[in-house]
Novice: 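Sending over a structure as structure tokens; questions will come in a sec.
FYI, side chains are in, hydrogens and waters are out, and symmetry mates aren't considered; it's all heavy atoms of this structure. Lettering of chains follows the sequences in order, A, B, ..., and the numbering in each one begins at 1. The model shown is predicted, which means the values in this text are computed figures rather than measured ones.
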Amino acid sequence: MRRYSAFAIAREAARYHTGWGRAWRNPTPKKSYDIVIIGAGGHGLATAYYLGKNHGLKNVAVVEKGWLGGGNTGRNTTIIRSNYLQDESAAIYEKARSLYESLSQDLNYNVMFSPRGVLMLAQTEHEIRGYKRTEHANRLQGVETRFIGPKEVKRLVPIIEISGPRYPVLGALWQPRGGTARHDAVAWGYARACSDMGIDIIQQCEVTAIRQKNGAVSGIETTKGEISCNKLGLVVAGNSGVLAEMAGFRLPIESVALQALVSEPIKPAINVVVMANTVHGYISQSDKGELVIGGGADGFNNYTQRGSFHHIEETVRALIETFPIISRLKMLRQWGGIVDMTGDRSPIIGRTPLENCFIDCGWGTGGFKAIPGSGWSMAATMARGEPDEFAAAFGMERFIEGRFIDESVAAGVAH
Amino acid sequence: MLSLHCPYCGVDVDETDLTPGGEAHLVRSGSGSDDADFEAYLFMRKNPRGVHFERWRHSFGCGKWFHAARATDTLEVFGTYSAQTKEPPQDVQERIRARRPDWKGFGKGDRI
Amino acid sequence: MSARLARHGRLIDRRKPLQFTFNGRHLHGYQGDTLASALLANGQTLVGRSFKYHRPRGIVAAGPEEPNALVGLGKGAGFEPNQRATTTELFDGLIAESQNHWPSLEFDLGAVNKAMARFFPAGFYYKTFMFPRAAWEHLFEPIVRGAAGLGRVPQEKDKDTYEYFYHTTDILIVGGGIAGLQAAEIAGKSGLRVLLIEQTPDWGGRAMVDGVQINGIGAADWVEKALARLRAMPNVILRSRMMGAGVYDHGYALGYERLSDHDPKIPGPRHRLWRIRARRIITATGAIERPLSFAGNDIPGVMLAGAVRDYLENYGVSPGELTLVVTNNDNAYLSAIALHEAGLTVPAIIDARPEATGALPQKARALGLRVETGCAIGTVHGGKRVTSVTLCNQAGSGAILDEIPCDAVAMSGGWSPVVHLWSHCGGKLRWDADQAMFRPDPARPPRGANGAGFVIAAGTANGHLAAEAVMEDAAEAAAAAVRALGAKADPAKRATARSMPEMPILPVWSMPANAGPKLRMKTWLDFQNDVKVSDVRLAAQEGYESVEHTKRYTTLGMASDQGKLSNINGLAVLADSLSRDIPQVGTTTFRPPYHPISFGAIAGEARGPLFKPLRKSPIHDWLDANGAHWEPVADWRRPYCLRRSGETVKEAVTREILNTRQNVGLLDASTLGKIIVKGPDAGRFLDMLYTNMMSSLKVGRCRYGLMCNENGFLIDDGVVVRLSDDTFLCHTTSGGSDRIHAWMEEWLQTEWWDWQVYTANVTEQFAQIGIVGPKARSVLEALGGMDVSREALPFMAFQEGQIAGIRARVYRISFSGELSYEIAVPAALGQAFWNKALAAGGDFGMQPYGTEALHVMRAEKGFIMIGDETDGTVIPQDLNLGWAISRKKDDFLGKRAQQRPHMVDPNRKQLVGLLTEDPQVVLPDAAHAVEGPKRANGMENIIGHVTSSYYSPTLGHSIAMALIKGGSRRMGETLRFPVADGVVIRAQVVDPVFLDKEGERQNV
Amino acid sequence: MSDAVSVCNGASFSGAVQVLDAGLCGMITLRGDLADEKLSAAVKAATGMGLPKPRRIKKGKRGAVAWMSPDELLIFVDYDLADSTVTKIERALQGQYFLAVNVSDARATFALQGTGVREVIAKGAPVDMSPQGLPVGEIRRTRLGQVAAAFWLSDEEHLTLVCFRSVGSFVYDWLCNAATEGTLPRLTG
């Protein structure tokens, strides 16, 4: 693989860029692989990458029914943070965040990780308590966060309205090394690095059945033929329930539409990521100048990748109240993605009732930030055949035991 | 923005007047149930890409819960009916069969 | 140079001149102008700079598809960036500025990027800026982000208002061109309700510009008559300046009405967002002309041929004196002929087709115009303005045949139907190879609630380009919609149109056909985002083969015009690069809105005081006037404390606590939820809802109860009162009233529907006022009317009667540990009672108190607070509330869950009290306790956290409660709380009841 | 009962239509089996009126009765008569399975008058406000802006709206804003 660099660009410029090769191969599937991953989104590709890189397992295929990175990886609001309350969540999200720090160099693909900082606004006394609780936890977990006062919030985000009549900003939880990354580039970078290691990424290949032998997985049937494998990973956010049914088990998951939108591009206005949970809105500005805004999720099962417009209205309303100058900006585009919601809103990583079939799903509305950590952990789990240190707490059995990993605890929602 | 027919008020109602309530026809597992049944009751939801039965409350209207038979892949609604039923009424099931010939029937085709 | 002509201009009123400024320059136009036409009339060809290379940009189009002429409009609170000059109606005093340049539009330093363009191909940033690692964060990204964006950021708060409007209709017709008008007439005659909307101020669309005849008269005359007929129909509503912004599920559509953008002096809301529910939607949204792909097609002066015609006919503006026309179809000849007839020079018509034999080319030749068939533009020359073009063979690679001087180029690559609204909700497209366009596939429409297609495309939007077919198709579309709704329509009674016949188009995706890399690097697809043919080819070459990959890798179609001009050309280039057919490549997904809409309109009226409803107790205004320091509690506000002048919040809280403990306090507890539960099965029902036994409660008595969800977690608490044999009154937390009422109804309606229980939420029926403290009884006695003695009204009892002449229920319950009464009176009399209580309490030192005093006093007593000691993961057992869980009951909500392994784990977090080693040190809220060495992963071993922590003025030392792993076994242990780097607070585990363990104070 | 105050204390606003705080109004929630003859007899005895059909409100000399849900009525009487009317109903239905409760103080009531009352409401309620969508005499429970509300027209120019007392002043402000002069879109040609 040609290394990417400024020098390589300069050399190619001389011949009108006709010399660049493919970023990833477009292989015909082999009859058999050691490991097959279903789903070439960020999580699936990262799993394959770390299988190769950390565990030397390169006889791996990633099959994808559409195009790689075309699911939630390509339609999220790209926020990266790890200021979670529970130890188990903080561990895996912080692992992911720290991998993001050097992901561009690791993959030789600029994923534009931008640690511009993430602010979570506290707008009620209850929210202050919740975020202070997280701050205390994070300090002891080794996650760098800080609760800051309204003046410092204003300094970080000059366009914010601190003393709004309804919900004044009372402070914020600040994670200075949180931020954003270029979502497509994360998928493309992993894909290119996987391909370079000899891992096959097979796009336009829909799985139609999962084959089993003696209670263990033996392969898959796809629109591009049968592929046998020793181990199978299901990494298909939004479609986990459908794949699980093929594999013969049920998941504690429901699929709902989550929406997002962007404004027209404007000159730099907001330099950090701001999340306002009381009023249900979060916002950042892309490197292109668009305000990227996350909206709410529908409360009903839905596979259409379209949501209901009133969520957009509620979000925009709240953001105008918090950032009054955006009132005269315009919404350029809105879209939806399908997210997997589990019973405690935390992910599932681990074994399934089907032997040698593993699953990584249920990331809900927060999957993008977890990609490197999720892939790292899923790869280790699949390589060893049992959950690694990060996945241990996220097994499906927690629901039967009543052992939840509930992050809404600190969300400032009055229970 | 869904619009559902409230079977009690007899009017079509915007989604913003309603509260979604998840899967319909759940059977409660209370005291004495075994772990697997109880887990299934609390967490194991049907999540089909296709025909689905779910609960809604006309919360800004009559306050009544009702059930809807709806497709999760197209958002088509096959009918709404009383929440005080153990299974979808025959006419609703027939309408689903007419629109979705491959539908396996209520409670059937759930492999697990 | 572009200029105003002496004649032409059917939309402008030359008797009404208007003044405006552009970049500070004073210019003038006429009523009816758009900002774009007025700029052109003033010779302002250069209007902006492109996103990436800062290349000079001129006006390309005449409608919302315009990618270049984006301006900052207005000033101060009325400033708005990124307004299309082409959709901005001119008004007197309009102020506009161009965007994305420094120091000026004419001389832009950012244009150095242009010189570097060769080093900045598509996606170059993914390949560089990685080394050294810190450089991206500290050097490159700041540069990239600093250069990002187009328009300026508004600096002031928007003073305008916005609103919504709900509208239900049988048929919504989007587009007020001749197809929309035709459809509206056919549909209107059926008697069904019809709403016809048009995004511009004018009706009729392009028909007048194109010289169409309808029913034997000119299109303009027919449109006037059709409008008059429609206005006479009571069932038809016409709205102009209203765009169909989006189509959503179940026939929901958004209409974006701009009420005062064309004249900011008009009072009232600026925009109105219509939330339309339609049974059928007809999209008569017309078509957008495609540019042609030739080198230099981005130089100012290169315009769409249709737009040239629009400016000429509608506004009397010429794009240049020498306008060269380049085309692959007959339609563009209309522009050439119009220019010629207006007395302007058309140096040549370059037609890529091998021959041009249609009526229009023949007419052009007859007028003496030079027509070059089989030819192409090799390169456009010019910098900030076109100066000439080179002519070459379309079939070749660009060898120059001739150089033709000109100052404008009118280009036409054919027309693409506007299929956005058709596609938003899942309507599919098919590729029409003959007409080289994607058009709606009627077999795969968006489907509504009943499974039937609810959108019908009509006219040009349905792929019919000739006016004859447009009018026929629109009539059929309307008739189909009417019939689908069970009414009658007669499409035969339609108007018929006549236009100049046109010969088939020749799809041309590259000009010349074999243009090499050098030309491809100068051939623009996306003018705003600077995406060129070479970029799309590079994406394909590198494996970004899916159309979504190509779009994202090159940013093609991601500019603020959302690819209205670039998408089809781009995917044709992609298809060619991959040697696939266009339909195999497919399109990207169309997402709402059709054209950007203001955030203000999306938010509607809900801003400032109307942002979000604030629930007010009957005492709210009095509290507000008497020093309330408010805190939000659910949608209510409750006073944290009531400050006296000169007092700090902390001082006020301390005073309130001490006064309540020593004398008597007055509390507005009206926000507490109150739910009546009545019926023969009410007791049985409450036994299921609460963890304790409620059916055994005696009439006239009160009992504290806990509610859990099916997961076993505590969700609410409160006092239950038995009013009569079959009637209970359940108190909930302030935040819980609606939630718990809904929770009760859910179980009654969906699980135990055969149980005879009715509920009613009477929270707001009553003002509930607490009179609390050792002198409380004296105050009630002073108010008079009820025997509130220890015997008549013992602890946990209630009485109904009159107090101070007001009918009331008096509950003797206590959340502070003091002698305490809560008095419920009708809300309308709440303030009256409050006043009487204040007057009667004066002699006893009564003072009102707020929620913080309430919280401290309950913590002194070790009472839990939902939301403090609970967080959605806490079961009653964790809080030592086992006494409130009935062992006699077979079942209650949450019982089964509490038997699961994790719930009976003795190492769960349990509630304990804490006393800090230094009694004057108050533990920070939510501080965490740690134990032992760090864990293997480097984290501290956290064993729990503080749930409530206060300085108790009553006790003179700090108190705290915490949830600690295995807490109940740790009595007497000292725990470590590292609260900041290097700061550790030590506290001893104690019983959480700090004051009056025996409860003597409340039992007096 | 001179101390009793309605939430906006009789405020009024004149804009495109008139908005009035309609003052205190007696209201009783009656839940029970609406098909039961004893129940309809009790309502008749207490108010002089029979039961309305679903979604309808029936007006008489002594007040009105509105259909709220399949097992719920809202009875309107003079504010001062609410408690005694509850007592009357309770007596009449003694031993039956029902619930009657005075909710007068839990509500705020507004009267809208003028041409355009339908359009004012259409700015905030997801309801077909045309005469065929909401005929005179039909009550609709829905939301207005962000809060729950119920309303009906007694003729084309008179609309009554009931909401919860705690949001009464918010609703009043909302209505006045929506009724600003010159801001009503015409719903005819």
Novice: Report which part of A/D184 has an atom under 4.5 Å of a heavy atom belonging to chain C: side chain, backbone, both, or neither.
Specialist: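 Looking at A/D184, just its side chain touches chain C.
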
Novice: Counting only non-hydrogen atoms closer than 4.5 Å, does C/Y164 touch chain A with its backbone (N, CA, C, O), its side chain (CB onward), both, or neither?
Specialist: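 Looking at C/Y164, just its side chain touches chain A.
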
Novice: Of the backbone (N, CA, C, O) and the side chain (C-beta and beyond), which part of A/R403 lies under 4.5 Å from a heavy atom of chain C, both, or neither?
Specialist: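 Interface part for A/R403: both.
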
Novice: Among A/H136, A/R129, A/R133, A/K132, which residue satisfies the side chain to side chain donor-acceptor pair (under 3.5 Å) criterion with C/D925?
Specialist: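 It is A/R129; the other options fail the test.
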
Novice: Salt bridge check, A/R192 against C/E542: does any charged N sit closer than 4.0 Å to a carboxylate O?
Specialist: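 The answer is no: the pair does not qualify as a salt bridge.
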
Novice: Using heavy-atom distances under 4.5 Å, tell me whether A/Y167 contacts chain C through its side chain, its backbone, both, or neither.
Specialist: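 Side chain of A/Y167 only, per the 4.5 Å heavy-atom cut-off to chain C.
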
Novice: Using a 4.5 angstrom heavy-atom cutoff, name the option from C/P593, C/P632, C/P81 with the most pairs to chain A.
Specialist: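 Looking at each option in turn, the highest pair count goes to C/P593.
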
Novice: Any ion pair linking A/R75 and C/E548 (charged N to carboxylate O, less than 4.0 Å)?
Specialist: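 Result for this pair is no, no salt bridge flagged.
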
Novice: Does any backbone or side-chain atom of A/R3 lie under 4.5 Å from a heavy atom of chain C? Answer side chain, backbone, both or neither.
Specialist: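 It is the side chain, since no backbone atom gets that close.
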
Novice: Establish, yes or no, whether the cationic atom of C/R118 lies under 6.0 Å from the six-membered ring centre of A/Y16 and within 45° of the ring axis.
Specialist: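 Satisfied, under 6.0 Å and within 45°.
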
Novice: Side chains of C/R607 and A/S327: do they bring a donor and an acceptor to under 3.5 Å?
Specialist: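 The criterion, which ignores hydrogens and geometry beyond distance, is satisfied for A/S327 and C/R607.
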
Novice: When you compare the side chains of A/K267 and C/N100, does any donor N or O come within less than 3.5 Å of an acceptor on the partner?
Specialist: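 Judged by distance alone, the side chains do pair up.
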
Novice: Give, as side chain, backbone, both or neither, the part of A/R182 having an atom under 4.5 angstrom from any heavy atom of chain C.
Specialist: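 For A/R182, the contact with chain C is made by the side chain alone.
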
Novice: Less than 4.0 angstrom from a charged side-chain N to a carboxylate O is my criterion; do C/E940 and A/R139 meet it?
Specialist: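 Salt bridge flag = no for A/R139 with C/E940.
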
Novice: At a 4.5 Å cut-off on heavy atoms, which part of A/N26 comes close to chain C: side chain, backbone, both, or neither?
Specialist: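 The side chain, not the backbone.
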
Novice: Among C/N529, C/V874, C/V946, C/N941, who wins on heavy-atom pairs under 4.5 Å with chain A?
Specialist: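 Looking at each option in turn, the highest pair count goes to C/N529.
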
Novice: Atom NZ in C/K157, atom CD1 in A/I159: separation rounded to 0.5 Å?
Specialist: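 Those atoms lie 13.0 Å apart.
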
Novice: Cationic tip of A/K330 within the cone over C/Y256's six-membered ring, i.e. under 6.0 Å and within 45° of the normal?
Specialist: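 A/K330 over C/Y256 ring: no.
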
Novice: Under 4.0 Å between a side-chain nitrogen and a carboxylate oxygen: does that hold for C/K612 and A/E321?
Specialist: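 Between A/E321 and C/K612 there is no salt bridge, as every charged N stays at least 4.0 Å from the carboxylate O atoms.
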
Novice: If we ignore hydrogens and angles and just use 3.5 Å, is the side chain of A/R328 paired with the main-chain N or O of C/S598 as donor and acceptor?
Specialist: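 No, the answer is negative, given that no donor and acceptor are paired below the 3.5 Å cut-off.
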
Novice: I'd like to verify something: which residue of C/A559, C/G608, C/A936 has the highest number of heavy-atom pairs under 4.5 Å with chain A?
Specialist: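 Maximum pair count with chain A is reached by C/G608.
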
